[in-house]
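The next block holds one structure in the form of structure tokens; read it before the comments.
Basis for what follows: all heavy atoms, side chains included, without hydrogens, waters or symmetry-related copies. Start at 1 with the first residue, then count along the sequence.
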Amino acid sequence: MTQAGDFHPPPDESLPEEAVTLEDLARAFAEATGQSLSNQAPSAEASPPETESKAPSSDSQPVGAPATPSAVPVNPKSILEALLFVGHPRNESLSPGQAAEIMRGVRPDEIAGLVAELNAQYEASGRPYRVVFEQGGYRMKLLPEFDSLREGFFGKVRQVRLSQQALEVLAIVAYRQPITVKEVNRLRGKPSGAILAQLVRRDLISVTYPDGDARKSTAQYRTTPRFLELFKLQSLEDLPQLGGGDWSDDDFGS
């Protein structure tokens with residue numbers, strides 16, 4: 001069992017957020033889009049191509065091995081708990097309509113009853129969290145008495161290393177915002193949804209909807225005030241220029 005003292009930071013192929021510079025950000029965008037940096041000499045060494053690790057298939061199993069039965073009953077309450085545990089990829093609350101759409105035979109007005117059952121179960125077993133309703137939906141949240149633990153943990157997470165792939169995606173968003181996941185995928189030439197979600201959780205980028213409705217418009221990503229603070233920028237116009245030219249509307253994706 002892993003103890004708190006056994007935690008080690010990620011390997012050296014990633015950079016601490018505090019160590020990331022504007023030059024790193026501009027270089028990452030230039031490499032991703034094939035542009036050149038203004039007054040920027042080429043790097044002496046070519047970086048090896050990035051490869052994204054593939055997770056092993058969940059259904060890989062030795063031939064002839066019996067399937068392991070689940071110890072947890074699959075019912076509306078356990079499905080709802082699983083959804084809340086995993087959480088929304090864009091850190092949004094789970095609305096009753098979204099939850100009911102995934103679970104067959106359950107109406108949106110029945111979700112509140114399932115949540116009440118889960119909270120009663122958590123209270124009886126002394127769990128440090130509850131399911132709460134906020135921003136039009138449900139999410140799991142620590143009890144107030146554990147706030148200091150959460151803040152202490154996330155204070156350290158803010159200093160966790162930022163991978164080169166995450167830096168590349170962040171640079172694309174910074175230079176082309178507002179931008180959709182489809183456009184980011186096209187510029188990188190590889191799926192980027194998981195990395196975008198990671199950057200949203202770190203509060204470096206945010207998700208917006210042009211029409212204000214997630215069901216009727218495509219999500220767009222843009223940088224946050226924390227991004228400007230991290231890179232010590234007054235505005236996006238202070239980003240390093242590319243190709244020696246002036247900024248145009250296309251540079252910001254507007």
### Task
Could you check Leu114, Val115, Leu83, Val132 and say which one makes a side-chain contact (heavy atoms from CB on, under 4.5 Å) with Tyr138?
Val115

### Message
Could you check whether any side-chain heavy atom of Leu170 comes within less than 4.5 Å of a side-chain heavy atom of Phe231, counting everything from C-beta outward?
### Response
yes

### Message
Enumerate the ring pair (Phe, Tyr, Trp, His ring centres under 6.0 Å) contacts for residues 176-197, please, sequence neighbours excluded, ordered by first and then second residue.
### Response
none

### Query
Got a salt bridge between Glu110 and Arg107, using NZ or NE/NH1/NH2 to carboxylate O under 4.0 Å?
yes

### Query
Is there a donor-acceptor pair closer than 3.5 Å between any side-chain N or O of Asp238 and the backbone N or O of Leu233?
no

### Task
Scan Arg188, Arg186, Lys182 and name whichever one has a side-chain contact (heavy atoms from CB on, under 4.5 Å) with Val184.
Arg188

### Message
Please report the interatomic distance CZ(Phe85) to CE(Met140), rounded to the nearest 0.5 Å.
### Response
7.5 Å

### Task
Tell me, yes or no, whether the heavy-atom count around Glu229 atom CD, taken from other residues, nucleotides or ligands under 6.0 Å, exceeds 12.
no

### Message
If we count only N and O atoms by modelled type, under 3.5 Å, do the side chains of Arg127 and Ser125 hold a donor and an acceptor together?
### Response
yes

### Query
With no hydrogens and no angle check, do the side chains of Glu81 and Tyr122 hold a donor and an acceptor under 3.5 Å apart?
yes

## Note on the structure
Closest non-hydrogen contact found for Leu228 with Ser235 is CD2-C, 4.0 Å

### Task
Give the intermediate values and the outcome of side chain to side chain contact (heavy atoms under 4.5 Å, CB included) for residues Tyr221 and Val207.
CA-CA 5 Å; Tyr221 296 87; Val207 187; 3.6 Å; yes

### Task
Tell me, with the steps shown, if Leu118 and Lys77 meet side chain to side chain contact (heavy atoms under 4.5 Å, CB included).
CA-CA 7 Å; Leu118 285 173; Lys77 186 170 69 173; 3.5 Å; yes

### Query
OG/Ser192 to CD/Gln165 distance, rounded to the nearest 0.5 angstrom?
8.5 Å

### Message
For Met103 versus Leu80, what's the shortest heavy-atom pair and its separation?
### Response
SD-N, 4.0 Å

## Note on the structure
For Ile111 and Ala100 the tightest heavy-atom approach is CD1-N, 4.2 Å

### Query
Counting only N and O atoms by type, is there a donor-acceptor contact under 3.5 Å from the side chain of Ser163 to the main-chain atoms of Ala166?
yes

### Task
Please test Leu187 against Arg176 for side chain to side chain contact (heavy atoms under 4.5 Å, CB included), starting from the C-alpha separation and ending with a verdict.
CA-CA 10 Å; Leu187 286 170; Arg176 296 293 184 186; 4.2 Å; yes

### Query
Between the main-chain N or O of Ala116 and the side-chain N or O of Asn119, is there a donor-acceptor pair closer than 3.5 Å?
no

### Query
Within the side chain of Thr224, is there an N or O that forms a donor-acceptor pair under 3.5 Å with the backbone of Arg222?
no

### Query
Is the closest side-chain heavy-atom distance between Thr223 and Leu204 below 4.5 Å?
no

### Task
Would you please test Ile195 and Leu199 for side chain to side chain contact (heavy atoms under 4.5 Å, CB included) and show each step?
CA-CA 6 Å; Ile195 299 178; Leu199 293 171; 4.3 Å; yes

### Nearest-0.5 Å distance that lies between atom OG in Ser206 and atom CD in Gln220
10.5 Å

### Message
Using a 6.0 Å cut-off, check whether atom CD of Glu101 has over 12 heavy atoms from anything other than its own residue.
### Response
no

### Query
Glu123 side chain to Ala120 main-chain N or O, any donor-acceptor pair under 3.5 Å?
no

### Message
Main chain of Glu134, side chain of Ser93: is a donor-acceptor contact present, judged purely on distance under 3.5 Å?
### Response
yes

### Message
Testing the basics here: between Ala99 and Leu94, what is the closest heavy-atom pair and its distance to 0.1 Å?
### Response
CB-CD2, 3.9 Å

### Arg130 side chain near Leu143 side chain, heavy-atom distance below 4.5 Å
yes

### Query
Can you name the nearest heavy-atom pair linking Pro96 to Gly136, along with the distance?
CD-O, 3.9 Å

